[in-house]
Amino acid sequence: MIELHSITKRFDTPSGGVEALRNVSLQIRQGEIFGVIGRSGAGKSTLIRVINLLERPDDGGKVIVAGRDLTALPYSELRVARRDIGMIFQHFNLLSARSVFDNVALPLELRGESKAAIKAKVEPLLELVGLADKAGQYPAQLSGGQKQRVGIARALATDPKVLLCDEATSALDPETTEQILKLIKDIRDRLNLTVVLITHEMAVVKEIADRVAVMEQGRIIEQGETFEVFTRPQHATTRSFVADLIGFDLPPALQKRLAVQPAANARLWRILFTGPHADEPVIAELSRNLGLDLNILHGRIDEIQGRPFGVMVVQARGDEAKLIAAKSWLAGKQLTVEELEDVIAIDRAAV
């Protein structure tokens, strides 16, 4: 549905210029929710504005949406093509002097639709986003979540094929964020939209994205299926994003305790539970069948895209042959085992 080819975007500044995007190429499939995550200044907001050519890429870059090269269209045709791309914003961008109904109707008014056609379109949209009883109210009378629902309805008014979400939940509390994400996913399923979600919150990506790209300094440093990126991050920046959410890193208090009081004759393992054996009683079997003493120090169990995964940190005591056999047995279960002695050794040296 969306293809970006060799996108570079540079902004001139008094200090000499900033390269916001650096040779970015990306393909987004029809009907998927695609997350783009990065820290402030990574280039993600510029990227989403390039998709609808609110920011035009520098020479040579191409933006193709639904088979059309937007970068090659004259302005008159580009205006028409943009009707296929809806956009919702972090701070809602509603007109305070217009009612809920009139805010949603605005794109249709600009397109010259009749009052009857506008009413026939807006009323079902307000029903879709759960605001049918708020049509006559004004933005000042609405909560943050209700304002974002108005923004979503307005973005859908022109029957887009693509919905761009620029930090759409960053101004909302956690409960409202969950409701808005559920609404976006429901709308995607009902209308078969392609959704591009820009965020700095990994929890948002984990909640609804099918695939994700991680940005840093204007480049895409890692991308793939959300489950794979979360459970097997390859880049240090990605790992830092998912560490707290997934439980990769030991809590600081536990690291300090292990550094000060190391267990004698014990190995420290981090076990990643994914695949078909992720929900089996692996630790109990390992202890029973191989005669190891296993002390569970830290762990977390969760789901991504309906697939179970878990991270567990254990101390394993036993003779060397049993420890080697245990790691081999875990590998046979398609579980990943990492030795954490180096992590603790660093902390021990600091102590």
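Computed from heavy atoms alone, side chains included, the values below leave out hydrogens, waters and symmetry copies. Throughout, numbering of the chain's residues begins at 1 and tracks the sequence.
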ILVMFWY cluster membership beyond I324 - transitive side-chain contacts under 4.5 angstrom |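 Other cluster members: none.
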Kindly give the cluster partners of F11, where membership spreads through any ILVMFWY side chain lying under 4.5 Å from a current member.
->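 Besides F11, the hydrophobic cluster comprises nothing; the residue is isolated.
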Return all side-chain donor-acceptor pairs below 3.5 angstrom for residues 181-190, not counting sequence neighbours, or 'none' if the list is empty.
| unit_1 | atom_1 | unit_2 | atom_2 | d |
| --- | --- | --- | --- | --- |
| D186 | OD2 | R190 | NE | 3.0 |
| D186 | OD2 | R190 | NH2 | 3.4 |
| R188 | NH1 | G31 | O | 3.0 |
| R188 | NH1 | D210 | OD2 | 3.0 |

Anything under 3.5 Å between a donor and an acceptor, one on a side chain of residues 287-294, the other on a protein residue two or more places apart or in another chain? List them.
| unit_1 | atom_1 | unit_2 | atom_2 | d |
| --- | --- | --- | --- | --- |
| S287 | OG | L292 | O | 2.9 |
| N289 | ND2 | E285 | O | 3.4 |

May I ask you to check whether T46 and E55 show a side-chain donor-acceptor distance below 3.5 Å?
-> no
Taking only distance into account, with no hydrogens and no angle test, what donor-acceptor pairs under 3.5 Å do side-chain atoms of residues 93-101 form with protein atoms, sequence neighbours excluded?
| unit_1 | atom_1 | unit_2 | atom_2 | d |
| --- | --- | --- | --- | --- |
| R98 | NE | D102 | O | 3.2 |
| R98 | NH2 | D102 | O | 2.9 |
| R98 | NH2 | E109 | OE1 | 3.0 |
| R98 | NH2 | E109 | OE2 | 2.8 |
| S99 | OG | D102 | N | 3.2 |
| S99 | OG | D102 | OD2 | 3.3 |

Listed partners of R56 passing salt bridge (Lys or Arg N to Asp or Glu O under 4.0 Å), at least two apart | none
Taking every non-hydrogen atom, the tightest pair across [X] and [Y]:
| X | Y | value |
| --- | --- | --- |
| T194 | Q30 | OG1-CA, 3.4 Å |
| A155 | I88 | CB-CG2, 3.6 Å |
| L125 | A157 | CD1-CA, 3.6 Å |
| A326 | L286 | CB-CD1, 3.7 Å |

Check residues 34-44 and write down every donor-acceptor pair under 3.5 Å in which the side-chain atom is one partner and the other belongs to a residue at least two apart or another chain.
| unit_1 | atom_1 | unit_2 | atom_2 | d |
| --- | --- | --- | --- | --- |
| R39 | NH2 | S240 | OG | 2.8 |
| K44 | NZ | G38 | O | 2.9 |
| K44 | NZ | R39 | O | 3.2 |

So which pairs with a foot in [range] pass salt bridge (charged side-chain N to carboxylate O under 4.0 Å, His left out), sequence neighbours left out?
| range | value |
| --- | --- |
| residues 64-83 | R68-D84 |
| residues 149-160 | K121-D159 |
| residues 191-206 | K206-D302 |

Counting distance only, does the side-chain N/O of R22 pair as donor-acceptor with the main-chain N or O of Q217 below 3.5 Å?
->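 It does hold such a pair.
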Got a sec: does the CD of E127 have more than 12 other heavy atoms crowding it under 6.0 Å?
-> no
Counting only heavy atoms not in K62, do more than 12 sit closer than 6.0 Å to its NZ atom?
-> no
Scan the side chains in residues 133-141 for donor-acceptor partners under 3.5 Å anywhere in the protein, sequence neighbours excluded, and list what turns up.
| unit_1 | atom_1 | unit_2 | atom_2 | d |
| --- | --- | --- | --- | --- |
| Q141 | OE1 | Y138 | N | 2.8 |

For K327, the side chain to side chain donor-acceptor pair (under 3.5 Å) test, sequence neighbours excluded, returns E339
